[in-house]
Amino acid sequence: MKNTFKIEESYNNLKKYFQKIAENFETYQERKSQKVMIMNILKAYEEGKHVIVEAPTGTGKSMAYILAFLSLWEQFSIDEKPKLVVSTKTIPLQEQLINKDIPMLQNILGINFSATLIKGRGNYICNRKMDEILNKRKDEGWFDSKEEVQEFNELKKLILDEKGEVIIGDKSEIRTSISNPLWEKICSEFDNCLKKKCPHYSECFFYKAREKQKASDILVVNHSLFFSDLKVRMETGFEIEDLVLPEFDYVVFDEAHHIEDVASDFMGLKVSRFRYKRLVNQIKKAILFGEFANYYSDEEDTKLEVKNLCSTLDFMTDDLFQKVTELAGDNTTKRLLEKNKKFTTINSIENSFERLSRIIKNNMNKNDYTEAEEMLASSLVDRIDKLVKETKNIVNQEMKDYAYWIECPVSKTNRHYFASLNCCPISIAEVLRDNLFKRMNSIVLTSATMSTTPDDMSYIASRIGIDNYIAKTLPSPFNYKEQSRIYIPEKALNPKERAYEEYLEKEIETIIEHTNGCALVLFTSYRLMNLLSDKMKPFFDKRNITFLKQGDLPRSMLLQMFKEDTTSVLFATASYWEGIDIPGEALSCVIITKLPFEVPDRPIIEARMEKLEKQGKNPFVHYQVPMAIMKFKQGFGRLIRTNTDKGVVAVLDNRLLTMNYGKQFFKSLPTVPLTREVQEIKNILSK
């Protein structure tokens, strides 16, 4: 960890940076909150502490943490320059950093630093796989259908040069969409990568990208990739050469309120029918007409046994996940509270896989495999062992303090195709404390929603295992008293009341009549959103208001239509509570239909609440209320995005006023006038 910097020199550098920024922007205005954030980051770096910063919209938080890093980065010699990882949850923020914020600073500051967007290896074509298809297998047994062969032939026209060599290997640069089944057959994979033993290593698209990453000063990644890297480090004792990310010195988690859920996913296990099918198919192809086919050419009995074993495994896998589907019933998820006797099929699956492993090992031992072929064969054996062990871990619930469940998406036919067995740690705090926060001197965590009350980050700190930290809530740069109102109807109902759905319909209609559209209506359930959508469509049609609903079109297309049609109304739930940036009159009203309490129907949520109960804590007070407050703040934050925006957040749930915890919700927000008069909506919009 490179932390021997002089804070006075950082201050001098920052003064120079802001002078250059001011010189390049005639309309530049100093953001006090941004400078406060920078000072807190540098203080944390100097004291060897972590820092949690709640930075509202308009703070300029991404610029703050980049400038703070550069102010110390400049103090080191070329050979000792520190490396920063910026981890985000969403693609739009990554694109903003790589395409806008960082290039702007590179241009204005005149500092020769570099930045790279890091992608997982699954985003790159594997040259060895392509060579197998194009030059060795001649498509034999490789594709699953004539349509897939045709798709591949069209793809070749876009990615091969006149000599038949792959010249475009980054999926994002290929000018067509590629089906998942085809991409899986040609993309780079960790499990069967030969690394430096591969004959195509020198032209490998993934490793070329990695070399560029090693030379970069700032690495932009998503949370999933970061925690994938952390998991590999943990599994290998932090001593593996081929990590997901190159070595780094500093970390910033932007959109850090997602860390608990993302980290939990990656520290858990997921065993799906697809994963089984993929492994069985790869073994069958490798032996019958792939990498090892020459070694089995005279072993007809063995090849027949391989075919039979693979067919048997396909049948038993379908049987296993059909039982998962039956156990799920009408649910998409169901918690497993004890070992289930229905999953005895795993014993037969294990026996068949053991026979396949023996065949692979015996053939490798009696033939003169190349080093690369030995690596591939050993990888298949290791993957068999890992898949069976993980399945048994979940089925037998062998890991303590884990939540276990099954998932089975809603589908009219073949639900078992998409079924899975899952588990993850109930609490991620200890894992992250020992393997991340104690291993790094200073980590920056920031988001627009990190606290339940100003400067109190104890909730999120306890959830993810941070002990030694500085906490800071920055004031909003917006004048909420002048720009906005919170509207709660005089006759607002509790969602538990029978008339609630009918009341919602009438109240939304009343509000829309006052705003003439321009509204984002946020729900906490798809059922209620769909129900009111069907009921209210005639209302919107009659008034020539464009009605949009989540799920009817791709997210990007929906948001673009919503921005362009300033009288439209968008009904949405789930992910639309955050990450939407629509300044101006297109969004003048956010309607929150119900306080966003997490319902304990997700197995991991139920398990977390049970754990709190065992600790003698009230899970509603210590988990559900803080979670709801943070999501409520996200929804509230969709409204005011610039200094000129104005509008109303309408909350149609009376619990905000009638329940004691309602005061906590209000306390978490900026000071916003409350009105009970619907006419006030027109008044604020006409200012």
TODO: Specify the closest pair of heavy atoms between A586 and K563, including all atoms of both residues, with the distance to one decimal.
DONE: CB-O, 3.6 Å

Open item on the list: Classify the ring geometry of F248 against F226: parallel below 30°, tilted from 30° to 60°, perpendicular beyond 60°.
Closed with: tilted

Open item on the list: For the residue pair R31 and F18, would you count it as a cation-pi contact if the rule is NZ or CZ under 6.0 angstrom from the ring centre and within 45 degrees of the ring axis?
Closed with: no

Task: Check: V36 main-chain N/O paired with N40 side-chain donor or acceptor under 3.5 Å - done: yes

TODO: Please work out whether the ring planes of H223 and F253 are parallel, tilted or perpendicular, with thresholds of 30° and 60°.
DONE: perpendicular

- [ ] Could you tell me which residues satisfy salt bridge (Lys or Arg N to Asp or Glu O under 4.0 Å) with R638, sequence neighbours excluded, listed by chain and number?
- [x] none

Task: Donor-acceptor under 3.5 Å (K100 side chain, E95 main chain) - done: no

TODO: Give every residue pair that meets the ring-ring contact (aromatic ring centres under 6.0 Å, His included) criterion with at least one member in residues 421-456, sequence neighbours excluded.
DONE: H50-F437

- [ ] Salt-bridge test for R608 and E598: reply yes if a basic N is under 4.0 Å from a carboxylate O, no otherwise.
- [x] no

TODO: Give the intermediate values and the outcome of side-chain hydrogen bond (donor to acceptor under 3.5 Å, both in side chains) for residues Q634 and T449.
DONE: CA-CA 7 Å; Q634 287 284 352; T449 50; 2.5 Å; yes

TODO: Test Q483 against D645 for side-chain hydrogen bond (donor to acceptor under 3.5 Å, both in side chains), laying out the working first.
DONE: CA-CA 7 Å; Q483 292 180 252; D645 286 349; over 6 Å; no

Task: Qualifying salt bridge (Lys or Arg N to Asp or Glu O under 4.0 Å) pairs with a residue from residues 445-457, counting only residues at least two apart or across chains - done: none

Task: Residues E430 and R433 bridged, charged N to O under 4.0 Å - done: no

TODO: If the plane angle is over 60° it's perpendicular, under 30° parallel, otherwise tilted; pick one for Y661 and F665.
DONE: tilted

Open item on the list: Checking E610 now: which residues fulfil salt bridge (Lys or Arg N to Asp or Glu O under 4.0 Å) with it, not counting sequence neighbours?
Closed with: R335

Task: Test item: S264 side-chain N/O and E260 main-chain N/O as donor-acceptor pair under 3.5 Å - done: yes

Task: Main-chain N/O of S451 paired with K633 side-chain donor or acceptor, under 3.5 Å - done: yes

Return a table of donor-acceptor pairs under 3.5 angstrom between the side chains of residues 613-621 and protein atoms on other chains or two or more places apart.
unit_1	atom_1	unit_2	atom_2	d
N618	OD1	F620	N	2.9
N618	OD1	V621	N	3.4

Task: ring-ring contact (aromatic ring centres under 6.0 Å, His included) partner of F636, the single match among F478, W577, Y480, F666 - done: Y480

TODO: Only pairs at least two apart or in different chains count here, so list each salt bridge (Lys or Arg N to Asp or Glu O under 4.0 Å) that has a residue in residues 12-21.
DONE: K16-E74

Task: Salt-bridge criterion met for K61 and D254 (N-O under 4.0 Å) - done: yes

TODO: Check the pair S420 / S272 against side-chain hydrogen bond (donor to acceptor under 3.5 Å, both in side chains), numbers first and verdict last.
DONE: CA-CA 4 Å; S420 62; S272 63; over 6 Å; no

Open item on the list: Please determine whether a side-chain nitrogen of the Lys or Arg among K386 and D191 lies less than 4.0 Å from a carboxylate oxygen of the Asp or Glu.
Closed with: no

Task: N-O pairing of K270 and E407 below 4.0 Å - done: yes

